[in-house]
Amino acid sequence: MTSARTRRLRRVNTLVAVTAALSLTACGGGSSGSPEPASRPAVAAKPLTAQQAGEEIVKILGELPELTGDTVRGVNGKVITVGGTGTNTKAGQHTLPGLDVGAKARLERANREGGVNGYTFEYAGFQDDNGQPAASQHATQSLVESEKVFALVPYVPASGVNGDYIVKNKVPTFGWLGQDFCAWDKNPWMFSTSGQASCAEALPGKVVGSSSALEQYLKASGKDPASIKFGVFASSDPYGKAGVISAKAIAANLGIDVVYAEADLPSATEPPLSDYTPIASRIMSSGADVVSASVTAPALLGVLGALKSLGWTGDMLYGQAAQALLDNAGTAQTVDGMYGTTGQGALAFGEDKFAQVREDLKAIGSDAPPDGIGTVTTYWAADLFLQAFAKIEGEPTAEKLATVLNGGSFTYEAIPGVTCSQSWPAGRVLTPACAGVVKYDAAAKKLTPLTPLADVGGYFIVDGQ
């Protein structure tokens, strides 16, 4: 006999809300290697609605297991200990500004407001793994075994080497990035604010991606899809390869001619390139006049700078709207004219939207950019944790917290203009159908808003090869 819980889970698994888009990436299966150019289809396919995509995911992956046990590590009376880890720097450069402080800022505000359900939160700190798998393992184990954290908030490693450890030790984990999030029923402890956008095989043999960012760009630029020669480049990490497959499929199904799709930049654990000219030259040779970058800021700057030095005048699309890139004299001219297709919000959409984030950063003594992707995504991870924690009935356990998100009736309520809403557990997989567009203006030193953050577009589920 089917239980009430199972029936409820089946119903809610079909309901999907939208979350933040990092770029034109999505979750999928297969490997890109050196993808062949894909021609524009004769008739563009219509994207799936959120509900339709959610139904397909449940058909493919099935239901999540029910968790049992009473894990109370990190519960000390009315104080909950949490801590975070991830790739904050690589080769001495900050990968995503604010990655190390966003969660702390949000948790500290919760404490100032009296806590949640009578509990306050002690932050054990953020440990930087520098993009090294061994360091990521050490940081995770240190937080769990030495600091006794109840949950990892945030968890944003470039590598994915801790999934089995997190399952074994029953650690609720909130963040994004890295292969440890790439599981459905095998790892019910991990919750990504970006779905499985970093995953190479979220759906066996399939790729699912959101068309929001590209549809918003088309609206902002006024361009006819049939007039575009589209390219996408990414790192050689599994999620970079998946992102290339996804972006390629989304563009083609919107009626755009895809002429370049490569995931051949160094992975997050490899040294960065010293010369990006070969990558830029290949993009130029393809004829691409609209290019999506699914890479970190240093790699974007390297490729875009090389393209401009070769005389390229096309449109670069990037999944960030970061004022810091314009405030820095060394990067402003490089990003001038770039489109930010963001789902994380941007100061350009209304500075008042980020007033609370800025205030919370100031309260912990941080000058990190409130709209930086590192700040927003980790602030969001903590906000998700806190909203789920508020739904726990009775004394908190790790199992109860995970069940709130996996049980089928939880919806994360967005911070307007900053984050996007998300229904669980379908949000474990789906990338968001939520985006806004800004344009980088170096002369004015500002992000010019073109289309506001909004729920737009839908999802494509296509073969991964």
Side-chain angles (χ1 to χ4, degrees), residues 19 64-76 79-86 102-104 106-107 110 115-117 119-127 136 139-157 160 162-196 377-412 422-429:
T19 60
L64 290 163
E66 190 165 357
L67 301 177
T68 59
D70 295 295
T71 304
V72 293
R73 177 191 55 251
V75 180
N76 307 299
V79 178
I80 308 295
T81 300
V82 299
T85 183
K104 180 181 180 181
R106 181 63 186 92
L107 291 163
V116 177
N117 290 346
Y119 290 84
T120 57
F121 305 92
E122 180 178 341
Y123 197 62
F126 180 95
Q127 297 192 23
S136 179
T140 300
Q141 292 175 21
S142 173
L143 287 166
V144 173
E145 297 173 20
S146 298
E147 301 295 340
K148 306 293 183 184
V149 296
F150 178 76
L152 291 170
V153 189
Y155 180 79
V156 280
N162 297 301
D164 290 343
Y165 179 86
I166 286 167
V167 171
K168 179 181 178 181
N169 289 276
K170 301 182 177 181
V171 188
T173 302
F174 298 78
W176 64 283
L177 194 63
Q179 300 304 290
D180 293 327
F181 287 102
C182 303
W184 177 255
D185 60 332
K186 294 181 181 179
N187 193 339
W189 298 95
M190 302 193 71
F191 310 100
S192 169
T193 57
S194 63
Q196 293 192 12
T377 53
T378 54
Y379 189 97
W380 185 354
D383 199 51
L384 173 62
F385 164 75
L386 291 168
Q387 288 192 30
F389 190 90
K391 299 295 184 180
I392 294 175
E393 296 182 1
E395 296 183 358
T397 67
E399 289 80 6
K400 286 182 181 179
L401 178 60
T403 297
V404 166
L405 290 117
N406 293 332
S409 60
F410 176 74
T411 298
Y412 167 75
Q422 186 176 22
S423 289
W424 293 85
R428 294 173 61 89
V429 170

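Nothing fancy with the numbering, it's 1 onward along the sequence.
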(request) Check each of Thr193, Thr378, Leu405 against Phe174 using the side-chain contact (heavy atoms from CB on, under 4.5 Å) test, and report the only one that passes. (result)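 That would be Leu405; it is the only one of Thr193, Thr378, Leu405 passing the side-chain contact (heavy atoms from CB on, under 4.5 Å) with Phe174.
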
(request) Please test Tyr155 against Ile166 for side-chain contact (heavy atoms from CB on, under 4.5 Å), starting from the C-alpha separation and ending with a verdict. (result) CA-CA 11 Å; Tyr155 180 79; Ile166 286 167; 4.2 Å; yes

Return yes if some donor-acceptor pair links the side-chain N/O of [X] with the main-chain N/O of [Y] below 3.5 Å, else return no.
X: Glu399; Y: Thr71; value: yes
X: Lys148; Y: Glu145; value: yes
X: Asn406; Y: Pro188; value: yes
X: Tyr412; Y: Ala388; value: no
X: Arg428; Y: Gly195; value: no
X: Glu147; Y: Val82; value: no
X: Gln422; Y: Gly427; value: yes

If I compare all heavy atoms of [X] with all of [Y], which pair ends up nearest, and what's the gap?
X: Thr81; Y: Ala124; result: CG2-CB, 4.2 Å
X: Lys400; Y: Glu395; result: NZ-O, 2.9 Å
X: Pro396; Y: Val75; result: O-CG2, 4.1 Å
X: Leu64; Y: Pro425; result: CD1-CB, 3.5 Å
X: Asn169; Y: Arg73; result: O-NH1, 3.0 Å
X: Ala103; Y: Tyr123; result: CB-OH, 4.2 Å

Quick one: [atom1] on [X] to [atom2] on [Y], what's the gap to the nearest 0.5 Å?
X: Lys104; Y: Phe126; atom1: NZ; atom2: CZ; answer: 12.5 Å
X: Trp380; Y: Ser194; atom1: CH2; atom2: OG; answer: 8.0 Å
X: Lys391; Y: Asn117; atom1: NZ; atom2: CG; answer: 9.5 Å
X: Thr85; Y: Asn162; atom1: OG1; atom2: CG; answer: 8.0 Å
X: Leu143; Y: Gln127; atom1: CG; atom2: CD; answer: 4.5 Å
X: Asp180; Y: Leu152; atom1: CG; atom2: CG; answer: 10.0 Å

(request) Could you walk me through whether Tyr165 and Val144 pass the side-chain contact (heavy atoms from CB on, under 4.5 Å) test, one step at a time? (result) CA-CA 10 Å; Tyr165 179 86; Val144 173; 3.6 Å; yes

(request) Using a cut-off of 6.0 Å, state whether more than 12 heavy atoms not belonging to Lys170 lie near its atom NZ. (result)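 Yes, because the 6.0 Å sphere around NZ of Lys170 holds more than 12 heavy atoms from other groups.
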
(request) Answer yes or no: does atom CG of Asp164 have more than 12 heavy-atom neighbours from other residues, nucleotides or ligands under 6.0 Å? (result)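 No - once you tally the heavy atoms of other residues, nucleotides and ligands closer than 6.0 Å, there are 12 at most.
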
(request) Report the relative orientation of the aromatic rings in Phe150 and Phe389; use parallel for angles under 30°, tilted for 30 to 60°, perpendicular for over 60°. (result)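 Perpendicular, since the angle between the ring planes exceeds 60°.
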
(request) Compare all side-chain heavy atoms of Gln387 with those of Phe410 and state whether any distance is below 4.5 angstrom. (result)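 Answer yes - side chains close enough.
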
(message) For Thr173 and Asn187: C-alpha separation, side-chain torsions, deciding distance, then whether side-chain contact (heavy atoms from CB on, under 4.5 Å) applies.
(response) CA-CA 10 Å; Thr173 302; Asn187 193 339; over 6 Å; no

